[in-house]
Amino acid sequence: MLALIGISIAAVPILAYAQPSSDIKQIYPKMYPAGGLEWKGETTQNTNWNKICEDKKGRIWFSGGDHWGTDRQGGRYEDRYERPWGYGNTTVCYYDPKTDKAYVAYELNSVSAIFSNAETPGHGKIHADIVCDADGNIWTGGYLGSSYSHEWTQQYYPKSYVGGAIIKYNPESKDVDYYGIPNPGGGLVSLKYDAKRNVVHGVTVERQRYYRLNIDSMELKRYDIARHSGREITADHEGNVWFFNEFNSFTKFDPDTETYTDFDTKMPGLLRASAVSKKGVIYGITAEGFVWSWDTKTNKYEESGHVVGTPDTRVYTPNLCIDEQWGRLYFMAGGHGSTLAGMPILTVFDLKEKKFYWPGAVDVDGCYGSVVGKDHAVYFSCYFYAQKNGKRLKDKDGNEYRLPGLVRYDPSKNLEDFK
């Protein structure tokens, strides 16, 4: 691995701005909190971990959840039997750039026949993707709230969490369709849409089951992929699925023949986020912060270096998106206490020149999804401190507090402006 890291660093041009300094300037992009349930005048939303998307009308879909489960440390449970809707609740939201406002579309438990109460955890968050299909419908799936007495019990409802449900939502008619639970007891950590076959598929966290749901026939297939590691799968535009395997490389699943092909090209760490270009190139980032690409047509692999130029320092970066027209990748580098500047660093990678730029640091705890809009605006699904005019807000007890929501960044077309 050390040799691979050395090669990846050497492949990146070393310029005066090849690494952001620890005193990098802070920038203040717009933030839009996720709406949701309130209790005693305060929001209960405190987390989000999902990938996000843009629909056909340019709206950005994201979510917020309460993450509390039924017994999570740090939660407030003294009134657990008073709350009418329990713990583990998630809202699916959207941002409309025409109005510059965010809205709540629906609450995930209420549309998926899952009960959330003082004893049974509901969908505490979305850990999978929110995706848009060819008809403009929005698809997603649930994940249980953080619950130490439920998550690994391998017991079934009503004793424990019933499992992640798949939901389709029509934004125009507001119609919701419930497609069931692909793996009982398992939360969904990845959800992709195959337009060619009209299939929704992904991975469950418990027992690492890969599932495929055919929307037309309602046929559900489940595959045991215990060799798969991590919480990210990638699907190319042909419908092939790419898993990260125990060889630190890719395994390709052909949906027509239902066969697997292993590759042994060693990558610099566990895949944490990815994006696929129209030409079939997968761009990925590892949990440690190394960026690479894989051409699905030629199986050519190329490393691009570390997201903030510190190969010996882990900078956890579970988000990545691509602007193909402008030829660049975007990241919110860092999170979960793994940062270089005390807060995540907004990063731009020029695909043509193979060069990183760092416009500035952003006051968020972490970012788990991102997408580039039609107008080249970049959106990040983040967990951030409640703010107004760049200053953190405080709750009624005088404490700073964090919220899930969307961050909008409007980049310059000229890369020289990032220096």
Side-chain angles (χ1 to χ4, degrees), residues 32 34-36 48 50-64 90-112 123 126-142 164-180 182 188 190-202 211-220 233-239 241 255 274-278 319 321-325 368-381 405-406 408:
Y32 306 86
N48 64 351
N50 57 283
K51 303 295 189 273
I52 61 178
C53 73
E54 180 185 46
D55 69 16
K56 293 182 174 299
K57 292 192 173 182
R59 296 168 295 198
I60 308 300
W61 290 80
F62 64 106
S63 79
T90 293
T91 56
V92 174
C93 309
Y94 66 92
Y95 165 77
D96 189 340
K98 293 180 180 178
T99 62
D100 194 33
K101 292 181 180 179
Y103 305 87
V104 175
Y106 63 89
E107 197 278 318
L108 193 57
N109 289 340
S110 64
V111 300
S112 57
H123 292 314
I126 295 175
H127 207 313
D129 311 61
I130 300 176
V131 297
C132 182
D133 68 19
D135 296 321
N137 298 305
I138 302 300
W139 293 83
T140 195
I166 296 176
I167 298 296
K168 181 180 78 170
Y169 178 73
N170 185 321
E172 310 314 317
S173 66
K174 303 190 186 311
D175 179 64
V176 179
D177 290 318
Y178 166 58
Y179 281 83
L188 307 184
S190 186
L191 185 146
K192 310 293 183 183
Y193 176 73
D194 179 356
K196 186 176 180 180
R197 297 167 184 81
N198 200 22
V199 163
V200 172
H201 56 112
Y211 65 87
R212 297 180 59 79
L213 174 63
N214 187 300
I215 304 305
D216 296 324
S217 67
M218 289 300 293
E219 178 186 31
L220 173 69
I233 67 170
T234 298
D236 62 32
H237 297 300
E238 298 301 318
V241 181
S274 61
V276 185
S277 75
K278 293 178 180 178
N319 64 86
C321 58
I322 181 172
D323 185 330
E324 294 193 66
Q325 187 176 351
Y368 310 103
S370 55
V371 68
V372 176
K374 296 180 177 66
D375 59 355
H376 303 284
V378 187
Y379 299 91
F380 298 95
S381 176
L406 197 68
R408 172 175 174 157

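This one's a predicted model, so the numbers in the text were calculated from it and none came from an experiment.
For the ring pair (Phe, Tyr, Trp, His ring centres under 6.0 Å) test, no residue two or more places apart in sequence or in another chain qualifies with Tyr178. For Asp236, the side-chain hydrogen bond (donor to acceptor under 3.5 Å, both in side chains) criterion is met by Asn240, Trp242, not counting sequence neighbours. Applying the side-chain hydrogen bond (donor to acceptor under 3.5 Å, both in side chains) rule to Thr91 yields the partners Gln45; only residues at least two apart in sequence or on another chain are considered. Under the ring pair (Phe, Tyr, Trp, His ring centres under 6.0 Å) criterion, Tyr379 pairs with Tyr95, sequence neighbours left out. In this view, Val131 and Asp129, Trp139, Leu191, Tyr193 satisfy the side-chain contact (heavy atoms from CB on, under 4.5 Å) rule, not counting sequence neighbours. Every residue two or more places apart in sequence or in another chain was checked for a side-chain hydrogen bond (donor to acceptor under 3.5 Å, both in side chains) with Ser112, and none qualifies. Taking the side-chain contact (heavy atoms from CB on, under 4.5 Å) definition, one finds that Ala102 meets it with Tyr32, Phe62, sequence neighbours left out. Remark: Lys56 pairs with no residue by the side-chain contact (heavy atoms from CB on, under 4.5 Å) rule, at least two apart or across chains. Qualifying ring pair (Phe, Tyr, Trp, His ring centres under 6.0 Å) partners for His376, counting only residues two or more places apart in sequence or in other chains: Trp326. Every side-chain hydrogen bond (donor to acceptor under 3.5 Å, both in side chains) that Asp55 has, sequence neighbours left out, goes to Arg59, Trp61. For Asp216, the salt bridge (charged side-chain N to carboxylate O under 4.0 Å, His left out) test picks out no residue, with sequence neighbours left out. A search for side-chain contact (heavy atoms from CB on, under 4.5 Å) contacts involving Lys278 returns Glu324, not counting sequence neighbours.
Contact of the Phe380 side chain with the Asn319 side chain is registered, since non-hydrogen atoms from C-beta on lie closer than 4.5 Å. By the 4.5 Å heavy-atom criterion applied to side chains, Arg212 and Asp194 are counted as neighbours. In this structure, the side chains of Met218 and Tyr179 come closer than 4.5 Å at one or more pairs of heavy atoms. Proximity of Pro255 to His201: side-chain heavy atoms (C-beta onward) are nowhere separated by under 4.5 Å. The side-chain heavy atoms of Tyr211 and Ile166, taken from C-beta on, include a pair separated by under 4.5 Å. Side-chain atoms of Val111 and Tyr169, non-hydrogen and from C-beta on, never get closer than 4.5 Å to each other.
Within 6.0 Å of the NZ atom in Lys374, the count of heavy atoms belonging to other residues, nucleotides or ligands exceeds 12.
At least one donor-acceptor pair closer than 3.5 Å links the side chain of Asp375 to the backbone N or O of Ala377.
Expressed to the nearest 0.5 Å, how far CD1 of Ile130 lies from CD1 of Ile60 amounts to 11.0 Å.
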query = Which is it for Thr140 and Val92 under the side chain to side chain contact (heavy atoms under 4.5 Å, CB included) test, yes or no, and what are the steps along the way?
reply = CA-CA 9 Å; Thr140 195; Val92 174; 4.3 Å; yes
